[in-house]
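Below: the structure, in C-alpha cells.
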Amino acid sequence: MKTARYLSSTLGLAVAIVAMPAMAQEDPAPIAVDTPARDSHFDGPYVQAFGGLSTRGNDRGDSLRFDTDGDGRYDNTVSTAAGANAFAPGFCNGRALGATPDGGCRSDKDGAEYGVRFGYDKRMGNNFVLGGLIEGVKSDARDATSGFSSTPASYVIQRQMDYGLNARVRAGYTPGGGALFYVTGGGGVAKIDHTFLTTNTANSFAPQRNNRLVWGWQAGGGGEIMVARNVSLGIEYLYNRYNDNKYNVEVGPGTAPATNPFLIDSGSTSIKGSNKDFSYHSLRATVGFQF
C-alpha cells in the first residue's frame with residue numbers, strides 16, 4: 001500500500017514538472033509589480049538640495065565713480081583746491097589693505113553656496129524632458145572695489161549676496177531613462193548687502209539704498225543620474241548676474257574744511273562703484289528626491 005502511494009505521488013510530481021514548461025510557454029510575460037517603468041524617471045514633482053562653490057573671477061577696470069555737483073550723474077572728477085585729481089593714486093579690483101596703493105588689495109573672495117529647490121518635470125515622449133523649478137540660495141562670495149585719494153586715504157565699497165530667490169525652466173535629454181542632461185535659465189531677485197570702509201576720518205559718510213532687493217538672471221546646465229528608485233545625484237553650472245546699481249555713499253563735511261575736495265563743488269559728493277552688476281559663477285552638486 002505504501003509502495004502504491006509512493007508511486008502515485010512520484011508520478012504526480014513528474015507530471016507537474018513536465019507540465020511546467022508548457023505552462024511557461026502559455027504565459028511567458030510575468031508581471032513585475034515592484035519594478036518601476038524606466039520612463040517614470042524625471043517625470044513629476046521633485047525636491048533637491050544643493051551645495052558648492054561661488055567664484056567671482058576678476059573685475060578688471062573697476063573703479064569708484066563720483067557725483068560732485070549733485071545732478072545724479074556719476075561723471076565728475078574729485079579735484080583739489082589746486083585743480084588736481086584727488087584720486088590720482090588710482091583704484092583696485094578688491095579690498096584695500098591700507099591707505100595707499102603700496103599696501104595692496106585683497107582679491108574678491110570666492111565662497112560656499114547652498115540652497116534648496118522644488119521643481120516639476122514632464123517627459124515629452126521617451127527621451128525629452130521639459131520642466132520648471134523655484135529655488136532659494138545663499139552665497140558667501142564677496143565683491144569689492146577700492147579707490148585711493150592723495151590725502152592719503154582709501155575708500156572701499158564691498159558687497160555680498162544675503163540670499164536669492166529664483167525661478168527657471170529646464171529642458172533636457174534622457175537617454176535610457178536613468179540619466180538627464182539639461183540646459184536651464186531664468187530670473188529672480190537677490191538681497192545684496194553692502195559695506196563701506198574708509199581710512200578718512202575727517203569727512204562724514206552716509207550709505208544710501210543699502211541691503212535692497214535687486215533683479216537678475218541665471219543660465220547654465222547640468223546632469224543628473226538616478227541612483228535609486230526615487231533618488232538622484234547631479235552636478236550643475238550656473239552663471240548668475242544681478243543688477244546692483246542703486247547703492248551709493250553720501251560724503252559730507254564732518255570736520256573737514258570747505259576746501260576739502262569732496263566739498264568744493266556743491267558741499268557734498270556721492271560715491272558708487274563703476275560695476276553695476278553683481279555676477280558670479282556657481283558649480284554645484286545636487287541630491288534629489290522624486291515623488
Side-chain angles (χ1 to χ4, degrees), residues 52-68 74 76-78 85-114 137-164 190-214 216 239-252 254 256 260-262 268-283:
L53 181 67
S54 298
T55 63
R56 281 281 308 132
N58 292 319
D59 296 325
R60 296 181 179 180
D62 277 5
S63 65
L64 300 180
R65 299 173 60 192
F66 308 97
D67 174 16
T68 63
Y74 289 79
N76 302 128
T77 298
V78 179
N85 184 353
F87 278 80
F91 306 93
C92 73
N93 307 319
R95 178 175 172 175
L97 298 178
T100 67
D102 294 338
C105 280
R106 180 179 300 160
S107 299
D108 291 340
K109 178 180 177 294
D110 299 339
E113 179 177 292
Y114 47 91
V137 59
K138 176 74 171 70
S139 171
D140 292 333
R142 295 180 184 176
D143 172 45
T145 301
S146 300
F148 301 93
S149 68
S150 53
T151 313
S154 63
Y155 309 81
V156 182
I157 292 179
Q158 182 173 273
R159 55 187 174 180
Q160 178 179 356
M161 186 174 73
D162 188 11
Y163 62 84
K191 183 172 178 286
I192 308 294
D193 293 340
H194 298 82
T195 304
F196 179 74
L197 305 168
T198 182
T199 60
N200 180 336
T201 58
N203 295 94
S204 60
F205 299 90
Q208 307 292 316
R209 299 183 178 182
N210 193 13
N211 305 335
R212 298 170 67 91
L213 289 175
V214 298
Y239 177 73
N240 312 265
R241 174 173 287 186
Y242 297 93
N243 191 328
D244 178 43
N245 195 35
K246 300 299 183 182
Y247 177 80
N248 61 86
V249 178
E250 296 292 333
V251 186
N260 181 276
F262 289 119
S268 67
T269 291
S270 183
I271 307 175
K272 68 165 44 179
S274 64
N275 190 347
K276 68 178 182 178
D277 296 317
F278 179 74
S279 58
Y280 64 95
H281 305 271
S282 300
L283 184 59

Show your working on side-chain contact (heavy atoms from CB on, under 4.5 Å) between Asp62 and Phe91 and close with a plain yes or no.
CA-CA 7 Å; Asp62 277 5; Phe91 306 93; over 6 Å; no
Applying side-chain contact (heavy atoms from CB on, under 4.5 Å) to Asp110 and Arg142, what does each step give before you reach the verdict?
CA-CA 7 Å; Asp110 299 339; Arg142 295 180 184 176; over 6 Å; no
Heavy atoms, side chains only, cut-off 4.5 Å: are Asn240 and Ser282 in contact?
yes
For the CG atom of Asn260 and the OG atom of Ser149, what is their distance to the nearest 0.5 Å?
9.0 Å
Would you confirm whether Thr198, through its side chain, and Ser154, through its main-chain N or O, come within 3.5 Å as a donor-acceptor pair?
yes
One pair to check against side-chain contact (heavy atoms from CB on, under 4.5 Å): Ile157 and Ile271. What are the steps and the verdict?
CA-CA 9 Å; Ile157 292 179; Ile271 307 175; 4.3 Å; yes
Taking all heavy atoms of Ala96 and all of Val156, pick out the closest pair and write down the distance.
N-CG2, 3.8 Å
So which atom in Asn203 and which in Phe205 form the shortest heavy-atom distance, rounded to 0.1 Å?
O-CE1, 3.4 Å
List the atom of Leu213, the atom of Tyr163, and the distance in Å for their closest heavy-atom pair.
CD2-OH, 3.9 Å
Would you give the length of the straight line joining atom CG of Asp162 to atom CG of Asp193, rounded to the nearest 0.5 angstrom?
4.5 Å
Evaluate the criterion side-chain contact (heavy atoms from CB on, under 4.5 Å) for residue pair His194 and Val249; output intermediate values, then yes/no.
CA-CA 10 Å; His194 298 82; Val249 178; over 6 Å; no
Asp67 vs Thr269 side-chain heavy atoms within contact, under 4.5 Å:
no
With the side chain counted from C-beta on, respond yes when Pro261 and Phe87 share a heavy-atom pair under 4.5 Å apart, and no when they do not.
no
Keeping Gln208 on the side-chain end and Ala206 on the backbone end, is there a donor-acceptor pair under 3.5 Å?
yes
Do Arg95 and Leu197 touch side chain to side chain, with heavy atoms closer than 4.5 Å?
yes
Would the distance check show the side chain of Thr151 and the main-chain N or O of Ala153 forming a donor-acceptor pair, the cut-off being under 3.5 Å?
no
Below 4.5 Å, heavy atoms only, C-beta onward: do Gln158 and Thr145 meet side chain to side chain?
no
In Å and rounded to the nearest 0.5 Å, what is the CG to CG distance from Leu53 to Leu283?
7.0 Å
Within the side chain of Ser274, is there an N or O that forms a donor-acceptor pair under 3.5 Å with the backbone of Ser63?
yes
In Å, rounded to the nearest 0.5 Å, how long is the span from NZ of Lys276 to CG of Asn243?
5.5 Å
Taking the side chain as every heavy atom from C-beta outward, state whether Tyr247 and Arg159 have any pair of such atoms under 4.5 Å apart.
no
Could you report the tightest heavy-atom contact between Lys272 and Asn245, atom names first, then the distance?
NZ-O, 2.7 Å
Looking at Phe278, is Arg56 sitting on its ring face, NZ or CZ under 6.0 Å from the six-membered ring centre and within 45 degrees of the normal?
yes
Check the orientation of Phe262 and Tyr155. Use parallel for under 30°, tilted for 30 to 60°, and perpendicular for over 60°.
perpendicular
Taking all heavy atoms of Thr199 and all of Ala99, pick out the closest pair and write down the distance.
OG1-CB, 3.8 Å
I need the Asn85 CG to Ser150 OG distance, nearest 0.5 Å.
8.0 Å
Heavy-atom closest pair (Lys246 atom, Asn248 atom, distance to 0.1 Å) is O-ND2, 3.1 Å
Flag side-chain contact, heavy atom, 4.5 Å: Asp140 against Gln160:
yes
Heavy-atom donor-acceptor pair, Ser268 side chain to Gly252 backbone, under 3.5 Å:
no
